[in-house]
Amino acid sequence: MSTTQTSKIEIIKAPTSKINEVDFENLSFGSVFTDHLFECDFKNGEWQKPVIKPYAPFLLDPSTRVFHYGQAIFEGMKAYKDDNNDIWLFRPDENYKRFNTSAVRMAMPEVPEEVFMNGLNQLLQLDEAWVKKGKGNSMYIRPFMIATGTGVIANPSDDYKFMIILSPVSAYYSGDVKVLIAEHFSRAANGGIGAAKAAGNYAAQFYPTNLANKEGFQQVIWTDDATHTKLEEAGTMNVFFRINDTLLTAPVSERILDGVTRKTLIDLAKSEGINVDVRPVLVSELVEASKNGTLKEIFGAGTAAVVSPISGFSYQDVYYELPKLENPIALQLKDKLTNIQNKLAEDTFGWTVKV
Ligand SMILES: *Cc1c(COP(=O)(O)O)cnc(C)c1O
């Protein structure tokens with residue numbers, strides 16, 4: 001793979017900025033984008049010259065492969081601005097590695113590290129005014145890749161487009177989240193694409209989630225496809241359970257996405273002296289723990305919401321309410337993590353990387 005072609009990014013600046021049109025106090029998640037985007041095409045078996053250019057729609061042929069066969073992957077990461085106006089990424093190497101793991105699974109070309117990292121860094125520098133300081137504020141970063149080859153033949157595409165777009169976000173409050181434990185539907189199966197951040201995983205979740213919404217539940221807790229007895233993920237987040245004072249979470253597998261927030265929370269909890277047990281968690285033990293009062297908390301973990309506390313769950317038409325705690329571990333960990341991310345607390349783990 002040639003690296004000389006991709007080393008220098010062409011920059012085409014937007015003639016004017018849209019930043020003054022944006023109400024940063026009332027951002028709805030993922031709906032506002034900055035002035036520029038990063039783009040690098042894969043053609044003739046190699047990555048082409050990368051470019052940063054004004055954020056704008058682009059044209060694609062109706063037979064473009066991504067529309068028909070769903071070769072599409074993405075990442076979700078964040079950047080933060082500290083009090084000195086320095087911008088920091090959180091464990092970006094983890095997202096980079098996972099992006100290429102997803103690419104391999106979807107028969108797409110791997111993106112060279114310099115394309116991903118230089119593109120990301122230069123784009124953030126150019127649109128740095130859009131990264132706001134203060135706890136809860138961050139820049140949500142969406143790298144993605146789509147198959148751009150044409151023709152409705154069911155083969156992997158020859159051509160691809162890698163892009164990075166940026167969306168300023170503020171603290172994300174999920175509200176009261178009640179979840180339904182899946183007894184029939186599955187998010188992923190052994191041998192499938194559950195461990196890849198593939199667009200199709202999300203499309204497949206929408207219908208069962210809509211059904212759960214109609215019953216008054218905001219999210220579905222996915223169980224293993226073979227037996228529906230093991231608790232795996234909550235919506236598009238990894239999931240933790242607190243029984244007594246131990247945190248439980250399933251090991252990552254072919255069916256469970258290797259979340260950066262998940263592994264970060266495991267390390268953070270351990271460093272706080274909290275017991276963390278990474279092992280398969282059964283629906284039956286959750287029900288049992290709820291009945292005998294040892295189930296204290298359930299929370300989702302992911303980049304967008306960081307930690308999303310769950311207030312109760314339904315299983316086999318019975319609703320189990322969780323206790324309302326004074327000082328839940330979920331919020332303690334969220335506070336610790338967001339302080340590290342926003343550079344308000346010392347990062348003893350070396351997770352933050354300066355742009
Ligand atoms: C992205 C994602 C997560 C969370 O991963 P983070 O790296 O923590 O953002 C969890 N589960 C699924 C299915 C995901 O797509």
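Remember, it's 1-based here, ligands and their atoms both numbered in the order they're listed.
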Closest non-hydrogen atom pair, [X] against [Y]:
X      : Y      : answer
Phe299 : Pro309 : CB-CA, 3.9 Å
Ala147 : Arg65  : CB-CB, 3.8 Å
Asp245 : Ile274 : O-CG2, 4.1 Å

contact_flag Arg187 ligand 1 heavy-atom lt 4.0 Å: yes
With a cutoff of 4.0 Å, is Arg98 in contact with ligand 1, counting heavy atoms of the residue only?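 Checking ligand 1 against Arg98, which is what was asked, there is a heavy-atom contact under 4.0 Å.
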Per atom 3 (C) of ligand 1, closest listed option by heavy atom (Asn95, Val239, Thr236):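 That would be Thr236.
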If you take the nearest heavy atom of each of Ser102, Gly194, Gly259, which one is closest to atom 5 (O) of ligand 1?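 Among Ser102, Gly194, Gly259, the closest heavy atom to atom 5 (O) of ligand 1 comes from Gly259.
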Audit row: Trp351, Phe90, ring-ring contact (aromatic ring centres under 6.0 Å, His included) steps and yes/no: CA-CA 6 Å; Trp351 286 329; Phe90 187 77; 5.7 Å; yes
Atom indices of ligand 1, in the order listed, that fall short of 4.0 Å to a heavy atom of [X]:
X      : result
Glu233 : 10 (C), 11 (N), 12 (C), 13 (C)
Tyr202 : 1 (C), 2 (C), 14 (C), 15 (O)
Thr303 : 6 (P), 7 (O), 8 (O), 9 (O)
Met237 : 10 (C), 11 (N)

Would you say Asp347's side chain and Thr352's backbone share a donor-acceptor pair under 3.5 angstrom?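 Looks like yes, one N/O pair under 3.5 Å.
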Applying the salt bridge (charged side-chain N to carboxylate O under 4.0 Å, His left out) criterion to Asp258, which one of Arg98, Arg91, Lys97, Lys263 satisfies it? Lys263
Can you check whether Val260 has an N/O within less than 3.5 Å of an N/O in ligand 1?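 N/O-N/O distance below 3.5 Å exists for this pair.
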Ligand 1 N/O within reach of Thr261 N/O, cut-off under 3.5 Å: yes
